[in-house]
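Here the structure comes first, spelled out in structure tokens, and everything after it is commentary.
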Amino acid sequence: MTNNLETWVYIENHFNHVDPSSLQLVTKAKEISDGPVVAVITETPNQNLESEVKPYGADKIVIIKDEALNEANDDTIANALVELAKKDLPNAFLFSATVTGRSIAPRVQSELKTGLTADCLDLRFEDDLLIASKPSYGDNVMCEITCPKTRPQMASVRPNTFKAVEATPTSEVVTANLAVKVDDRITIDTETPLVADDTNINSATRIIALGRGAQSEQVIAHAKAVAARIGATIAVSRPLTDLPEFSHEQQIGQSGNTVAPELIINLGISGAVQYTVGMQNADTIVSVNTDENAPIFESSDYKYVGDAEEFLQGLLKQL
Ligand SMILES: Cc1cc2nc3c(=O)[nH]c(=O)nc-3n(C[C@H](O)[C@H](O)[C@H](O)COP(=O)(O)OP(=O)(O)OC[C@H]3O[C@@H](n4cnc5c(N)ncnc54)[C@H](O)[C@@H]3O)c2cc1C
């Protein structure tokens with residue numbers, strides 16, 4: 001156990017930039033934590049990720065700076081985080097449930113012999129106890145999971161579950177004094193950034209989402225035409241992942257992705273809670289459905305009661 005009530009957030013270094021999901025976690029940690037929120041950065045001496053983190057108002061930024069972190073593998077980064085945490089165990093340590101976060105967090109957890117709740121959808125504290133919520137048992141129930149006996153209490157959270165909000169900028173920035181232990185069992189020869197492409201719904205600012213009521217070839221073609229005109233990405237509800245042209249990566253919802261675009265247009269989607277939970281953080285939600293009582297309208301800012309194809313044709317004329 002520890003007397004340190006800090007909540008640490010690991011700031012993911014993604015090709016010399018902060019992964020946006022790390023900033024979302026800083027905002028959430030500040031909202032729920034009574035103790036100080038510390039953003040932990042791993043970077044090389046010539047990197048400056050702290051400039052991207054400061055505007056989000058963590059109480060402190062701790063930087064592990066070392067040349068060994070140049071193209072470091074996940075074991076090396078985990079070693080550095082473990083060394084830092086062993087010096088002064090924080091109360092909680094949060095990671096994004098990105099590919100990188102899902103790899104580093106369990107390595108840290110096993111070295112610190114503590115508990116990790118992976119892929120959470122919500123977090124809160126009761127006093128100093130972290131309550132992590134996540135879908136379980138084949139996504140059929142939401143569980144609240146705690147780690148009452150060991151510290152830090154660790155959790156990874158799905159990207160886009162929370163919103164990053166700027167706050168009073170961080171003034172306390174310190175560099176940790178520790179030597180990074182390189183783990184060279186695996187070396188990284190080449191790395192290719194996962195840049196936004198037209199099927200990456202996680203980073204999309206505009207999304208057109210298609211459901212079972214919008215699965216005809218014509219509707220899909222017109223939705224793609226509108227998407228191309230307004231710079232939107234196509235996403236789908238669960239049933240459409242059965243069509244060969246869509247993949248699970250494009251699915252929004254409880255067992256898919258959580259998205260937070262500026263605009264989402266839902267076409268022919270009924271609004272089951274397993275779907276809406278994945279898009280309720282969008283700034284503006286427009287929904288189109290032939291059924292005026294469709295539940296999707298309850299979570300929408302604008303509604304169009306009518307046929308998806310009719311709506312798209314009208315939109316294409318306007319564009
Ligand atoms: C454990 C579990 C996890 C799940 N996870 C997910 C998930 O991650 N994502 C997800 O999406 N689902 C998920 N589901 C499934 C979910 O419960 C719903 O079945 C699914 O979201 C329904 O998809 P839909 O709205 O496209 O289809 P439907 O519910 O069939 O709705 C189709 C809608 O289209 C409308 N419509 C019909 N014709 C037209 C037209 N011409 N123009 C306009 N509107 C029209 C209809 O009125 C209807 O409202 C999960 C279910 C379970 C049990």
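Just so you know, ligand 1 is whichever comes first in the structure, and atom 1 is the first atom listed for that ligand. Residues take their numbers from the sequence shown, with the count starting at 1. Atoms considered below: every heavy atom in the structure, side chains included; atoms not considered: hydrogens, waters and symmetry mates.
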Close approach of A214 to ligand 1, heavy atoms, under 4.0 angstrom: no
Hey, which atoms in ligand 1 end up nearer than 4.0 Å to a heavy atom of [X]?
X	result
S237	11 (O), 23 (O), 24 (P), 26 (O)
D307	40 (C), 41 (N), 42 (N)
Q254	7 (C), 8 (O)
A272	16 (C), 17 (O), 18 (C), 21 (O)
G211	26 (O)
G256	8 (O)
I252	7 (C), 8 (O), 9 (N), 10 (C), 11 (O)

For the 3.5 Å polar cut-off, considering only N or O atoms, please tell me whether [X] and ligand 1 meet it.
X	answer
Y275	no
P239	no
G268	yes

Any side-chain donor paired with an acceptor under 3.5 Å for [X] and [Y]?
X	Y	answer
N79	T76	no
N257	E249	no
E309	S216	no

Sidechain-backbone polar pair: T27 side chain, V165 backbone, donor-acceptor under 3.5 Å: yes
Centroid separation Y302 to Y304 less than 6.0 Å: no
May I have the list of side-chain donor-acceptor pairs in residues 290-297 shorter than 3.5 Å, sequence neighbours left out?
| unit_1 | atom_1 | unit_2 | atom_2 | d |
| --- | --- | --- | --- | --- |
| D291 | OD1 | N293 | N | 2.8 |

Aromatic plane relationship, Y10 with F95 - under 30° parallel, 30 to 60° tilted, over 60° perpendicular: tilted
Heavy-atom proximity to atom 5 (N) of ligand 1, best of S216, S255, G213: S255
Show which side-chain atoms of residues 175-189 pair as donor or acceptor with protein atoms under 3.5 Å away, not counting sequence neighbours.
| unit_1 | atom_1 | unit_2 | atom_2 | d |
| --- | --- | --- | --- | --- |
| D183 | OD1 | R185 | N | 3.2 |
| D183 | OD1 | R185 | NE | 3.0 |
| D183 | OD2 | R185 | NE | 3.3 |
| D183 | OD2 | R185 | NH2 | 2.8 |

